[in-house]
Participant: 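Could you have a look at this structure, given as structure tokens, before my questions?
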Amino acid sequence: MWNPFASMSALAGNAITIVHGHGSTVVDSTGREYLDAIASLWYCNVGYGRAELAEAAAEQMRELACFQVFEYYDNPPARDLCRRVADLAPVDGAKVFLTPGGGSDAVDTAGKLARAYWRAVGQPGKQVIISRSLAYHGMNAYGTSLGGIPLLTDPFLPLVGQVEHVPWDDPAALEKAIDSLGDGQVAAFFCEPVIGAGGVYPPPPGYLDAVRDMCRRHEVLFVADEVITGFGRTGEWFASGRFGLDPDLITTAKGLSSGYLPIGAVVASRRVAEPFWREGSQEVFRHGYTYSGHPAAAAVALANLDVIEREGLVQRVAALEPVLARAVAPLAGHELVSEVRAGTGLLAAVEIAPEARAADPGIGQRLVLAVRRQGVITRLLRGIALQVSPPFVITEAEIGRIADALAGAQR
């Protein structure tokens, strides 16, 4: 097994095999338990061991395990899921395009749809897509190209063309880039409402309002990448709702099924859908995946949304937001820490001091392993910060355990 993002030469003696999970806890093959501070990869929002999600998959597989949704076909769970997501999303007249895997598929879909939209409305010159520094938009072709983390992009150059980057926190830089390129050239601006894998950076005050207004003025599609923040992570169903945005496109995945089966979606506004959906249109979005709208995955996603709604987990995230922020705040005084970022839902990052990283380039991964020895799983973001993004079912006592493990980690 070749592990993603792994130094395979460094796995010996450090690899563990996870075999079981319940609540916010996972168990390895030796029987040792770990508190999962990162919800696997940001996604196990309803926690582990949800039998009803497994039952939803089994029931659907007995009825119809799989069938494609290209052209003339659909299936009840896929159709119902699209309606459910459209109702939840802060997008007027939403249409939902289902993707089969993680957020990478959703981002590639949105990138292609943004360019296809402008061709469909007679402005084929609008093809440039702008993204931000520190951004992470998955690892498919568009997502890699849009990414703003050189460590993840430089090994694969050259990438998809007509992609530009601007500083993550500077609205004026976006306006300058659009002016320089020309309104007639820019198709879309991709923006994580809260930067995730780049290090958990909440938006600077006023930033999102400024860039959204700018996109309106310049006729640029605003794409909210909510692969991490969608379905409750920030204390509302979508971060776009929390921050008062009305995106033209939203990309989603992870929390849609809490990872119980792979599935994602792109939510398109009425504006973007119109040239493809209007009566008599000859425009076709010639894109899709073998497993788009997979009925078992859609059934699990529906069951997952049922759990979130029935147990009030979005509201629970909002209530736990200040609990997490208070728990990790004292870590800012630790000798190895330069900054703690928290206060936007169940998201936090503990940044390792630059001088500590400069003196000891391997310190980040050693701290990850040191935290794990204390029974808590975290992860290194962009080589500089420890991730905290627990399941929504985490208890206050477990949040305290996470903070204690981070504080007690030794090099």
Participant: Just by modelled atom types, is the Ala78 backbone N or O under 3.5 Å from a matching donor or acceptor in the His294 side chain?
Facilitator: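 Not a single qualifying donor-acceptor pair exists.
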Participant: Counting only heavy atoms not in Tyr207, do more than 12 fall under 6.0 Å of its OH?
Facilitator: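 It does: Tyr207 OH has more than 12 such atoms within range.
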Participant: State the OH-CG distance between Tyr43 and Leu256, to the nearest 0.5 angstrom.
Facilitator: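 So the gap between those two atoms works out to 14.0 Å.
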Participant: For Val69 versus Asp74, what's the shortest heavy-atom pair and its separation?
Facilitator: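 Answer, listing the atom of Val69 first, then Asp74: CG1-CA, 3.9 Å.
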Participant: Verify the neighbour count for atom CZ of Arg217: are there more than 12 heavy atoms of other residues, nucleotides or ligands below 6.0 Å?
Facilitator: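 Yes, enclosed.
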Participant: Can you list every salt bridge (Lys or Arg N to Asp or Glu O under 4.0 Å) pair that touches residues 197-213, not counting sequence neighbours?
Facilitator: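 Every salt bridge (Lys or Arg N to Asp or Glu O under 4.0 Å) pair that includes a residue of residues 197-213, provided the two are not neighbours, is Arg212-Asp246, Arg212-Asp248, Asp213-Arg216.
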Participant: Does Glu339 have more than 12 heavy atoms from other residues, nucleotides or ligands lying within 6.0 Å of its CD?
Facilitator: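 Yes, the 6.0 Å shell around CD holds more than 12 heavy atoms from other groups.
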Participant: Between Ser257 and Val300 (side chain of the first, backbone of the second, donor and acceptor by atom type, cut-off under 3.5 Å), is there such a pair?
Facilitator: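 Checked: no pair found.
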Participant: At what distance, to the nearest 0.5 angstrom, does CD1 of Ile129 lie from CZ of Phe190?
Facilitator: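 Going from CD1 on Ile129 over to CZ on Phe190, the span is 5.0 Å.
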Participant: Apply side-chain contact (heavy atoms from CB on, under 4.5 Å) to Val307 and list each qualifying residue two or more places apart in sequence or on a separate chain.
Facilitator: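 Only Val46, Arg50, Glu52, Leu53, Arg310, Glu311, Leu313 meet the side-chain contact (heavy atoms from CB on, under 4.5 Å) criterion with Val307.
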Participant: Would you check, one step at a time, whether the test salt bridge (Lys or Arg N to Asp or Glu O under 4.0 Å) holds for Arg84 with Asp87?
Facilitator: CA-CA 5 Å; Arg84 186 91 165 264; Asp87 287 344; over 6 Å; no
Participant: Measure the spacing between CG of Leu35 and CD1 of Ile377 and express it to the nearest 0.5 Å.
Facilitator: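 Between atom CG of Leu35 and atom CD1 of Ile377 there are 8.5 Å.
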Participant: For the pair Trp42 (side chain) and Ile228 (backbone), establish whether a donor and an acceptor sit closer than 3.5 Å, ignoring hydrogens and angles.
Facilitator: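 Looks like no, no N/O pair under 3.5 Å.
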Participant: Arg115 side chain to Ala187 main-chain N or O, any donor-acceptor pair under 3.5 Å?
Facilitator: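 Such a contact is absent between Arg115 side chain and Ala187 backbone.
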Participant: Going by the salt bridge (Lys or Arg N to Asp or Glu O under 4.0 Å) test, which pairs reach into residues 197-207, not counting sequence neighbours?
Facilitator: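 Pairs touching residues 197-207 that pass the test: none.
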Participant: Is Arg401 paired with Glu33 through a side-chain N to carboxylate O contact shorter than 4.0 Å?
Facilitator: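 Here Glu33 does not pair with Arg401 in a salt bridge, since their nearest N and O are not under 4.0 Å apart.
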Participant: According to the side-chain hydrogen bond (donor to acceptor under 3.5 Å, both in side chains) rule, which pairs have a member within residues 54-70, sequence neighbours left out?
Facilitator: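 Output for this query is empty, none listed.
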Participant: Between Phe231 and Phe238 (judged by ring centroids, cut-off 6.0 Å), do the two rings come close enough to count as a pair?
Facilitator: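 Yes - the distance between ring centres of Phe231 and Phe238 falls below the 6.0 Å cut-off.
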Participant: With sequence neighbours left out, write down each residue that passes side-chain contact (heavy atoms from CB on, under 4.5 Å) with Leu134, or none if nothing qualifies.
Facilitator: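 side-chain contact (heavy atoms from CB on, under 4.5 Å) check on Leu134 returns Trp168, Ile195, Tyr201, Arg382.
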Participant: Does Arg132 pair with Glu192 as a salt bridge, N-O distance under 4.0 Å?
Facilitator: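 Looking at Glu192 together with Arg132, the answer is no, because their closest N to O distance does not fall below 4.0 Å.
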Participant: Calculate, to the nearest 0.5 Å, the distance between atoms CG and NZ belonging to Leu221 and Lys126 respectively.
Facilitator: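 These two atoms lie 7.5 Å from each other.
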Participant: State whether a side-chain donor-acceptor pair under 3.5 Å links Asp225 with Thr251.
Facilitator: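 Yes, side-chain donor-acceptor contact under 3.5 Å.
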Participant: Between the side chain of Arg372 and the main-chain N/O of Asn14, is any donor-acceptor distance below 3.5 Å?
Facilitator: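 Here the side-chain-to-backbone pair exists.
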Participant: Only one of Glu226, Glu321, Glu236 forms a salt bridge (Lys or Arg N to Asp or Glu O under 4.0 Å) with Arg242, so which one is it?
Facilitator: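 Answer after filtering Glu226, Glu321, Glu236: Glu321.
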Participant: Would you say Lys254's side chain and Leu41's backbone share a donor-acceptor pair under 3.5 angstrom?
Facilitator: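 Here the side-chain-to-backbone pair exists.
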Participant: Is there a donor-acceptor contact under 3.5 Å from the side chain of His165 to the main chain of Leu146?
Facilitator: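 Yes; at least one donor-acceptor contact below 3.5 Å.
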Participant: Got a second to check how far Asp105's CG is from Ile263's CD1, nearest 0.5 Å?
Facilitator: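 Output value for this atom pair is 11.0 Å.
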Participant: Please collect all salt bridge (Lys or Arg N to Asp or Glu O under 4.0 Å) contacts where either partner lies in residues 142-170, sequence neighbours excluded, each pair once.
Facilitator: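 Found none.
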Participant: How close do Glu309 and Trp237 get, heavy atom to heavy atom, and via which atoms?
Facilitator: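 Closest heavy-atom pair between Glu309 and Trp237: CG-CZ2, 3.4 Å.
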Participant: Got a donor-acceptor contact below 3.5 angstrom from the Lys95 side chain to the Trp277 backbone?
Facilitator: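 A pair under 3.5 Å: no.
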Participant: Looking only at side chains, do Glu283 and Ser281 share a donor and an acceptor under 3.5 Å apart?
Facilitator: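 Their side chains do not contain a donor-acceptor pair, so the 3.5 Å distance test is not met.
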Participant: Are any side-chain N or O atoms of Arg233 and backbone N or O atoms of Leu346, one a donor and one an acceptor, separated by less than 3.5 Å?
Facilitator: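 Confirmed, Arg233 side chain pairs with Leu346 backbone.
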